[in-house]
Amino acid sequence: MQRAKPSLLSFAFLVIGTLLHTANAAVVTPPAPSVAAEGFLLTDFETGHVIASKNADMQLAPASLTKIMTIYVIGKELQAGNISLDDEVTISENAWAKKFPDSSKMFIEVGTQVSVRDLLRGIVVQSGNDACVAMAEHVAGSESAFASMMNAHSASLGMTSSHWVNAHGLHDPDHYTTPRDMAILSRALIAETPEMYKIYSEKEFTYNGIKQYNRNSLLWDKSLNVDGIKTGHTSDAGYSLITSAEQGGMRLISVVMGTDSERARKVENKKLLKYGFRFYETLTPYQAGHSFVAHRIYMGDRETVDLGINQSTPITIPRGQAANLEANFELDDKLEAPLAKGQVVGKLYLQLDGEDVASYPLVTLQEVKEGSFFNRMKDYIMLQLGFDDE
């Protein structure tokens, strides 16, 4: 079916675009920077639009990036009321710090009781493997049962290429994920468990008299407003880092997996974030409930019906290209009454350089009842004769 442009351009961005088209037509967006990592992905938080990626679907060892999933599961259990921040967790031998001599730990001791509130910071800030086991046992009874919960949540989020066997990320050949799946998870963590995400901006935590600092060094970088997320490292996985930052109302998530040093994972993340903020923007060109076009309707108690969308339309596009956005629509059929308010009658398309960047159901913004007998007969005859006064 042929697409049509609106007869009344009610889109403010289209009106502005017409005026500014000449000035903005020559906007150039450079390619994404090269990133020294096994795989990476840069995405916009609000829209999920992937700005840049390499080996996004390569299965890689996540190391301590695993703890993002651990915290996500705990956050969901807190929301469900199954556990409380004030719960006191008795530390088993499995969770004893001495079980993790050569890896990051919170330094919890067997037989002691530690609050969930403290264990969360032990996981997020100190990257404690011991704290992960303690919480896994508290939530699910055993670490293997907790891993089953991790896999169930992965499936519900659409993380189709991940599999978890433990709560901390120490190497196991059956424990893997991908940059794309980690971006999905990070987005869910921020959106669905905001109270958990707040902890990721904390720079230090002291437990058992031992102060440890957050390993995400970009939290201290004043050139970026980074407020998360998590580092990871094992000899098998290399050095990984997922970051999120907000600038000018736009939030980005950068996933970098498998670099060769602590410095590299920091540098590559910063490079990606700066590129995304500099050359892309997320905007909402059309609001839910606003009329896109007043379109002819037949057999009704009115001549036209306003068409629009029932959801706002945030999109991520190259910065400076808003003036070049175009919009058009496609009807499923001629509009005939009766029509309910909010009834889907076609699709609205947003395009840039002739390519669709978004599409949304086009709906009626008013109810249209059947018209009088005379009006219905008139419209019926017009339609039978093939007249079209759109």
Side-chain angles (χ1 to χ4, degrees), residues 41 43 45-46 48 60-85 87 89 104 106 116-129 131-170 175-202 205 214-216 226-232 237 240-244 251-255 257:
L41 187 143
T43 185
F45 165 73
E46 185 176 12
L60 299 167
S64 284
L65 299 184
T66 299
K67 292 162 186 166
I68 301 175
M69 175 55 84
T70 300
I71 290 294
Y72 177 80
V73 174
I74 294 169
K76 288 295 187 179
E77 290 297 294
L78 284 164
Q79 289 175 349
N82 295 331
I83 60 172
S84 163
L85 290 174
D87 286 353
V89 179
S104 55
M106 182 182 174
V116 167
R117 182 178 282 102
D118 282 348
L119 287 168
L120 287 175
R121 282 157 179 81
I123 296 170
V124 173
V125 181
Q126 300 176 334
S127 198
N129 296 328
C132 289
V133 175
M135 280 305 306
E137 291 180 339
H138 181 63
V139 168
S142 69
E143 190 175 8
S144 60
F146 187 82
S148 296
M149 295 177 68
M150 296 167 74
N151 287 316
H153 279 287
S154 281
S156 67
L157 289 172
M159 297 170 62
T160 57
S161 300
S162 297
H163 186 256
W164 316 98
V165 298
N166 60 56
H168 41 66
L170 290 178
H175 190 90
Y176 51 80
T177 188
T178 67
R180 191 183 308 279
D181 278 1
M182 290 310 299
I184 292 171
L185 174 60
S186 299
R187 190 179 180 203
L189 177 82
I190 297 168
E192 298 176 24
T193 59
E195 293 305 312
M196 296 295 96
Y197 186 66
K198 285 180 183 178
I199 304 173
Y200 284 85
S201 64
E202 297 181 14
F205 179 62
N214 197 313
R215 290 165 171 78
N216 181 4
V226 171
D227 53 14
I229 300 181
K230 188 73 188 74
T231 60
S240 300
L241 173 62
I242 300 177
T243 54
S244 185
R251 176 177 287 279
L252 297 178
I253 295 171
S254 173
V255 179
M257 298 181 67

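We use all heavy atoms of the structure for the numbers below, so side chains are in, but hydrogens, waters and symmetry mates are not. Computed from a predicted structure; not experimentally measured.
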Flag, side chain of E77 to backbone of V139, donor-acceptor distance under 3.5 Å:
no

Would a 4.5 Å heavy-atom cut-off, applied to side chains only, mark I71 and L120 as touching?
yes

Ignoring hydrogens and geometry, is there a side-chain-to-backbone donor-acceptor pair from H175 to V165 under 3.5 Å?
yes

Within the structure provided, determine whether Y197 and D227 are in side-chain contact (heavy-atom separation under 4.5 Å).
yes

How close do V89 and A134 get, counting heavy atoms only, and between which atoms?
CG1-O, 3.8 Å

Quick one: are K230 and L241 in side-chain contact, heavy atoms under 4.5 Å?
no

A140 versus A145, closest heavy-atom pair with distance
O-CB, 3.6 Å

State, to 0.1 Å, how close I242 and S186 come at their nearest heavy-atom pair, and which atoms those are.
CG2-OG, 3.6 Å

Flag the pair E202 / N214 as yes when at least one side-chain heavy-atom distance between them is below 4.5 Å, and no otherwise.
no

Hey, does the side chain of R215 reach the backbone of Q126 with a donor-acceptor pair shorter than 3.5 angstrom?
yes

Ionic contact status for R187 with E192, cut-off 4.0 Å:
no

Side-chain touch L119/H138, heavy atoms, less than 4.5 angstrom
no

Within the distance-only criterion (no hydrogens, no angle test), does the side chain of N82 pair as donor or acceptor with the backbone N or O of L78 below 3.5 angstrom?
no

Assess the residue pair F45 and I190 against the criterion (side chain to side chain contact (heavy atoms under 4.5 Å, CB included)); give the C-alpha distance rounded to whole Å, side-chain angles, the decisive distance to 0.1 Å, and a yes or no.
CA-CA 9 Å; F45 165 73; I190 297 168; 3.7 Å; yes

Any side-chain heavy-atom pair of V124 and K67 under 4.5 Å:
no

Look at the side chain of T193 and the backbone N and O of M196, then say whether any donor-acceptor pair between them is shorter than 3.5 Å.
no

Below 4.5 Å, heavy atoms only, C-beta onward: do F146 and T70 meet side chain to side chain?
yes

Residues 153-161, side-chain donor-acceptor partners within the protein, below 3.5 Å, at least two apart:
unit_1, atom_1, unit_2, atom_2, d
S154, OG, M150, O, 3.3
S154, OG, W164, NE1, 2.7
S156, OG, H153, O, 2.8

Any idea which heavy atoms bring C132 and A167 closest together, and the distance?
SG-O, 3.5 Å

Does H168 reach the side chain of I123, with side-chain heavy atoms less than 4.5 Å apart?
no

Any sub-3.5 Å donor-acceptor pair from S244's side-chain atoms to I253's backbone N or O?
no

N129 side-chain N/O to S104 backbone N/O, donor-acceptor pair under 3.5 Å
yes

Expected output: side-chain D181 to main-chain L185 donor-acceptor under 3.5 Å
no

